[in-house]
2 protein chains.
Amino acid sequence: MPTTQLESYQMECANCPIRHRAVCARCETDELARLEEMKFYRSFQAGQTIAWTCDRMDFVASVVTGIATLTQTLEDGRTQMVGLLLPSDFMGRPGRERAAYDVTATTDVTMCCFRRKPFEEMMVKTPHVSQRLLEMTLDELDAAREWMLLLGRKTAREKIASLLAIIARRDASLKLAKTGGQLEFDLPLTREAMADYLGLTLETVSRQMSALKREGVIELASKRHISVPDFDRLLDETGDDTDGGMLA
Amino acid sequence: MPTTQLESYQMECANCPIRHRAVCARCETDELARLEEMKFYRSFQAGQTIAWTCDRMDFVASVVTGIATLTQTLEDGRTQMVGLLLPSDFMGRPGRERAAYDVTATTDVTMCCFRRKPFEEMMVKTPHVSQRLLEMTLDELDAAREWMLLLGRKTAREKIASLLAIIARRDASLKLAKTGGQLEFDLPLTREAMADYLGLTLETVSRQMSALKREGVIELASKRHISVPDFDRLLDETGDDTDGGMLA
DNA sequence: TTGCTTTCTTGATCCTGGTCAAAGCTGACC
DNA sequence: GGTCAGCTTTGACCAGGATCAAGAAAGCAA
């Protein structure tokens, strides 16, 4: 495992439960040291499937670099993305033997993995890990519920704008820099993946992207590189309360 | 507080974190006893709002009897239900000061409450409570994701059938009895509430209910009392994999 | 009973987004 | 360079569900 990846793990995996060793005074450190020893890394190529629904999962993991998605499928093939795993997000469920969703790498992905059994044992002994996991799960639940509002009640245009705003915000907070109001980022998703996330067809996604471009809300340097001249204008299209939020 | 409610709490609140005292050998019993002492009950009438978004919440609670809903609203008034709280479900988030959703009682509701601060302190000291809470939260997350699939990809008819199947299943597992294949239950939701849950309009809900009735999939004794002559036939309408599931 | 309110049903019409089809881009590989 | 595959755009048409509107049914109080 090259050092660079370990370094990026240190950098980006701020939410990984194990990182608490550094900040928490009450930790039972030998347990955490054991966990630290047993972690290992796995890499996946863009497009590769990390797990199929019902696959045996004998590890849990947190994303170090790249983007993975969780999708569910109806028997006739209709699919809906139900989660987006970004760096520092956790994957897998303690106590669950089999995957509940298809997990796919949309870009090249590196994950920091722990074998499930020892991880579960460790959770029982070190309360901070499960408390941290609880917090992260509650955040995910909030995100899922916000997504339910989007899926159930927003128009196609609002859905697109919301997705772009989310990615832009994440990107901005990673880079901690926006070049004078002008915001730029790469879309890590194909039109089809966007459609699966938003509960639309790829044609509708494409049409709405074109419309937003035509009206100057976004600019497309290439099909996957977007710049937003006026972030507030994009926010106006989302249908959400425009409190300015994290980027204001 | 009448004894009957306490009894029903003992019966139905099987998932309430505090119940672990009975089953768990490793519990720090004095902490849990303290929690047991500080719990109190609150009742709400059907239609009453339990909390508005952004209200200060200084308690967490678990539902003892009745049904409450969590809803989110867009600024122009469109609303989406994002959660259904049934007996034994938990409400409120440790560490969160203000409500993130509107919480409304759809039937008369009794809740078993704990003041938030002491509850949080207790969580730190007794790991089993937070571990149980983690499990419950992960279950909720799964349910939310299944709902995302419904909202994003199912047709109106499939949505209605899915909702009826969910309520029927819950009801059946509560009663632990189905009268020879014939399944009966009361709908605890108005057509409008169903619409808010399913991301539809109430007119569409009404039309699809009529269609299912016309085709003999369900029977309506009154507008709120439903019987299902053949549960598998209802399941066929949901669009899900028909594995028979919990009721097979 | 009557009157009143809330909830539910049904019909007519409209429009957003889906479906089907064709063609344009872009990048990779030869 | 040329070719090919995958991704994306665009157009024409259609349909599912929304919207608008009118009544019916049920619940409730006087």
Side-chain angles (χ1 to χ4, degrees), chain A residues 45-48 74 76-80 104 106-108 150-164 186-215 218-226 237 239, chain B residues 45-48 74 76-80 104 106-108 150-164 186-215 218-226 237 239:
Chain A
Q45 292 183 314
Q48 201 181 342
L74 254 24
D76 63 2
R78 284 173 282 175
T79 67
Q80 174 65 48
T104 313
T106 47
T107 64
D108 290 348
L150 176 144
L151 289 171
R153 294 302 186 194
K154 287 191 178 177
T155 64
R157 168 182 267 249
E158 288 168 340
K159 286 178 176 181
I160 299 281
S162 301
L163 179 58
L164 294 180
D186 284 311
L187 256 188
L189 302 172
T190 65
R191 298 288 186 263
E192 191 182 17
M194 292 174 69
D196 281 345
Y197 206 173
L198 299 170
L200 298 170
T201 59
L202 64 121
E203 292 95 329
T204 300
V205 171
S206 182
R207 271 186 258 270
Q208 295 297 336
M209 291 286 287
S210 300
L212 288 174
K213 179 184 168 189
R214 202 179 316 124
E215 295 165 33
I218 60 174
E219 286 157 25
L220 293 172
S222 76
K223 295 185 188 305
R224 298 286 196 88
H225 191 85
I226 295 184
E237 302 288 346
Chain B
Q45 292 182 314
Q48 200 179 342
L74 254 26
D76 62 2
R78 284 173 283 174
T79 67
Q80 174 66 47
T104 313
T106 47
T107 64
D108 290 348
L150 177 145
L151 289 171
R153 294 301 186 193
K154 287 190 179 179
T155 64
R157 169 182 266 247
E158 288 168 340
K159 286 178 175 181
I160 299 281
S162 302
L163 179 59
L164 294 180
D186 283 311
L187 255 188
L189 302 172
T190 64
R191 299 288 186 263
E192 191 183 16
M194 292 173 70
D196 281 346
Y197 206 173
L198 300 170
L200 298 169
T201 58
L202 65 132
E203 292 95 328
T204 299
V205 170
S206 183
R207 271 186 258 271
Q208 295 296 336
M209 291 287 286
S210 300
L212 289 175
K213 179 184 168 191
R214 203 179 315 123
E215 295 165 32
I218 59 173
E219 284 157 27
L220 294 171
S222 77
K223 294 185 189 304
R224 297 288 197 87
H225 190 85
I226 294 184
E237 301 288 345

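All values reported here derive from a predicted model rather than from experimental measurement.
- Straight-line distance from the CD atom of Q208(B) to the C1' atom of dG16(D): 9 Å, rounded to whole Å.
- Atom CD of E203(B) has more than 12 heavy atoms from other residues, nucleotides or ligands within 6.0 Å.
- Listed in residue order, the members of residues 199-206 of chain B having a heavy atom less than 4.0 Å from DNA chain C are E203(B), S206(B).
- Rounded to a whole Å, the CD atom of E192(B) is 13 Å from the P atom of dT19(D).
- In this structure, L151(B) places its CG atom 15 Å from P of dG17(C), rounding to the nearest Å.
- The nearest whole Å value for the distance from the CD1 atom in I218(B) to the C1' atom in dT9(C) is 14 Å.
- Between the side chain of S206(A) and the backbone N or O of L202(A) there is no donor-acceptor pair closer than 3.5 Å.
- Here the C1' atom of nucleotide dT6(C) and the CG atom of L189(B) are 17 Å apart, to the nearest Å.
- In this structure, T155(A) reaches the sugar-phosphate backbone alone: every heavy-atom distance under 4.0 Å involves primed, P, OP1 or OP2 atoms, never a base.
- OP1 and OP2 of dT9(D) both lie 4.0 Å or more from every side-chain N or O belonging to R207(A).
- Within a 6.0 Å sphere centred on CD of E215(B), other residues, nucleotides and ligands contribute more than 12 heavy atoms.
- As rounded to whole Å, 11 Å separates atom P of dC8(C) from atom CG of L220(B).
- The interatomic distance linking H225(B) (NE2) with dT7(C) (C1') rounds to 19 Å, in whole Å.
- Residue R224(A) is in sugar-phosphate contact alone, with no base atom involved, counting any heavy-atom pair closer than 4.0 Å across all strands shown.
- Taking atom CG of residue D196(B) and atom C1' of nucleotide dC8(C), one finds them 15 Å apart after rounding to whole Å.
- Residues M209(A) and L187(A) form a side-chain contact, since some pair of their non-hydrogen atoms from C-beta on lies under 4.5 Å apart.
- For the pair K154(A)/L198(A), no side-chain contact is recorded, criterion being any heavy-atom separation below 4.5 Å from C-beta on.
- Taking the side chain as every heavy atom from C-beta outward, T106(B) and T190(B) never approach each other to under 4.5 Å.
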Open item on the list: side-chain contact (heavy atoms from CB on, under 4.5 Å), that's the test. Do R78(A) and T155(B) meet it? Break it down for me.
Closed with: CA-CA 11 Å; R78(A) 284 173 282 175; T155(B) 64; 4.2 Å; yes
